Every structure is written in C-alpha cells, then in structure tokens.
Amino acid sequence: MPWVITSLCRDCVDQACVEVCPVDCIYEYTGEDAATFPNQLYIDPEECIDCGVCEPECPWEAIFEDERVPAVFQDDIALNANIMETKDDFAVPDVTEHDKPTPEAVQANKEKWGFNE
Ligand code: SF4
Ligand code: SF4
C-alpha cells in the first residue's frame with residue numbers, strides 16, 4: 001500500500017523525505033493551481049514501493065501508510081493520488097537542508113490541523 005503525505009507537511013519544504021526515497025516518487029507541485037495543490041509535497045501512489053523509509057525521516061510526522069491515515073487527513077489520500085492526473089505539473093524537488101522543528105512546534109502544527117493523537 002502506498003504512503004501518503006498529509007497536511008502536516010504544509011509549508012515545511014524540509015524535503016528530508018525526498019532525500020531518502022529510493023524511487024524518487026515524492027514530488028512538489030510546479031503548476032499554477034495552488035488552490036488545488038497547496039505548498040506541500042506529494043507521493044505518487046503508483047510509484048511508491050511501500051518501503052516506509054520516508055516516514056521516520058519526516059520531522060513534522062506528516063507521512064502515513066494509507067491504511068493508517070488519521071480521519072482528519074483522509075482527503076489527503078485523494079490529493080496525493082491526483083498527482084497522476086496532472087503529472088506534467090509535478091517534479092522531484094532539489095533537497096535543501098533546514099533546521100528541524102522543536103517537539104513543541106510539531107505538536108502545535110498537529111493541533112492546528114485538528115489532529116490530537
Ligand atoms: S514509502 Fe518508500 S517509496 Fe514510498 S514515498 Fe516513502 S520512501 Fe518513497
Ligand atoms: S519531510 Fe515531511 S514535512 Fe518535510 S517535505 Fe517531506 S513530508 Fe513534508
């Protein structure tokens with residue numbers, strides 16, 4: 001089963017996940033429809049090989065196996081899958097290093113999205 005990047009990734013641009021994905025199936029949106037595809041990364045479910053390597057690398061804890069995506073992020077499953085409809089508007093981003101968030105910032109981001117695990 002493919003993995004899914006959720007809204008917890010929004011505006012992160014950390015890209016730690018991109019660096020470790022063995023099949024380069026994590027993409028950024030390069031088109032002009034930001035209302036449909038907000039500033040986060042997306043996993044192509046047809047290319048993902050279900051290795052799970054990206055999940056522990058994400059400092060914002062934004063990546064889930066599709067069967068385990070929390071209820072509040074269920075719409076993100078289809079949002080990731082939509083990449084297959086407009087693949088020309090997606091590209092594998094260049095990896096840039098960023099400071100990691102504090103545990104408090106990670107928790108605050110979860111609460112912002114209504115995710116209280
Ligand atoms: S689960 Fe593996 S193949 Fe799928 S996006 Fe993560 S690192 Fe890439
Ligand atoms: S590491 Fe996590 S928060 Fe950063 S771009 Fe990847 S999925 Fe998004």
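Note that the coordinates shown come from a computational prediction; the quantities given were computed from them, not determined experimentally. We count ligands from 1, going down the list as the structure has it; atoms in each ligand are counted the same way.
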Please determine whether side chain to side chain contact (heavy atoms under 4.5 Å, CB included) holds for the pair Gln15 and Val92, giving the CA-CA distance in whole Å, both sets of side-chain angles, and the decisive distance to 0.1 Å. CA-CA 10 Å; Gln15 300 154 349; Val92 177; over 6 Å; no
Determine, step by step, whether Glu47 and Lys87 satisfy the salt bridge (charged side-chain N to carboxylate O under 4.0 Å, His left out) criterion, reporting the C-alpha distance in whole Å, the side-chain angles of both residues, the deciding distance to 0.1 Å, and the verdict. CA-CA 12 Å; Glu47 295 181 354; Lys87 201 63 182 286; 2.9 Å; yes
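Close contacts of ligand 1 with Gly52, meaning ligand atoms under 4.0 Å from a residue heavy atom, involve 1 (S), 2 (Fe). The distance from ligand 1 to the heavy atoms of Cys21 drops below 4.0 Å at these ligand atoms: 3 (S), 7 (S), 8 (Fe). Close approach of ligand 2 to Ile63 (heavy-atom distance below 4.0 Å) involves ligand atoms 7 (S). Heavy-atom proximity to Val23, at under 4.0 Å, picks out these atoms of ligand 1: 3 (S). Which parts of ligand 1 touch Pro22 is read off a 4.0 Å heavy-atom cut-off, strictly below it: atoms 7 (S). Taking every heavy atom of Pro59 and a limit of under 4.0 angstrom, the matching atoms of ligand 2 come to 1 (S). When each atom of ligand 1 is checked for a heavy atom of Ile43 under 4.0 Å away, the hits are 5 (S). Each of the atoms 1 (S), 5 (S), 6 (Fe), 7 (S) of ligand 1 lies under 4.0 Å from some heavy atom of Cys54. Close approach of ligand 2 to Ala16 (heavy-atom distance below 4.0 Å) involves ligand atoms 1 (S). Of all the atoms in ligand 2, the ones that sit under 4.0 Å from a non-hydrogen atom of Ile5 are 7 (S). Using a 4.0 Å cut-off to heavy atoms of Trp60, the atoms of ligand 2 that qualify are 3 (S). Set against the non-hydrogen atoms of Leu41, the atoms of ligand 2 under 4.0 Å away are 5 (S).
Side-chain atoms of Cys48 and Cys25, non-hydrogen and from C-beta on, do get closer than 4.5 Å to each other. Put simply, the side chain of Asn82 does not reach to within 4.5 Å of the side chain of Tyr42, judged on heavy atoms. Two residues are said to be in side-chain contact when any heavy atoms from C-beta on lie closer than 4.5 Å; Glu46 and Met84 meet this criterion. For the pair Lys110 and Asn116, the minimum side-chain heavy-atom distance is 4.5 Å or more. Residues Pro101 and Asn109 are not in side-chain contact: their nearest non-hydrogen atoms beyond the backbone lie 4.5 Å or more apart.
Trp60 is not connected to Val69 by any chain of hydrophobic side-chain contacts under 4.5 Å among Ile, Leu, Val, Met, Phe, Trp and Tyr, and they are in different clusters. Cluster annotation: Ile63 is connected to Leu79 through the hydrophobic network of ILVMFWY side chains, with a link wherever side-chain heavy atoms come within less than 4.5 Å. When the side chains of ILVMFWY residues are joined at heavy-atom separations under 4.5 Å, either directly or via intervening members, Ile26 and Phe37 end up in a single hydrophobic cluster.
Not one N, O or S atom of Cys17 sits under 2.8 Å from atom 8 (Fe) of ligand 2. Residue Cys58 counts as close to atom 2 (Fe) of ligand 2, with an N, O or S atom under 2.8 Å.
Atom 3 (S) of ligand 1 has Ile49 N, 3.4 Å as its closest protein atom, hydrogens excluded (heavy atom only). With respect to atom 5 (S) of ligand 1, the closest heavy atom belonging to the protein is Cys25 SG, 3.5 Å. Considering only non-hydrogen protein atoms, atom 2 (Fe) of ligand 1 sits nearest to Cys51 SG, 2.2 Å. Nearest non-hydrogen protein atom to atom 4 (Fe) of ligand 2 is Cys12 SG, 2.7 Å. When only non-hydrogen protein atoms are considered, atom 8 (Fe) of ligand 2 lies nearest to Cys9 SG, 2.3 Å.
For the pair Gln15 and ligand 2, a heavy-atom separation below 4.0 Å is found.
Counting heavy atoms under 4.0 Å from ligand 1, residue Pro2 does not touch it at all. The residue Leu8 has no part lying near ligand 2, judged by heavy-atom distances below 4.0 Å.
For the residue pair Trp3/Asp66, the side-chain donor-acceptor check at 3.5 Å is not satisfied.
Considering all non-hydrogen atoms of both residues, Cys54 and Val20 come closest at CA-CG2, 3.8 Å.
No donor-acceptor distance shorter than 3.5 angstrom exists from the side chain of Gln40 to the backbone of Cys12, with no hydrogens or angles considered.
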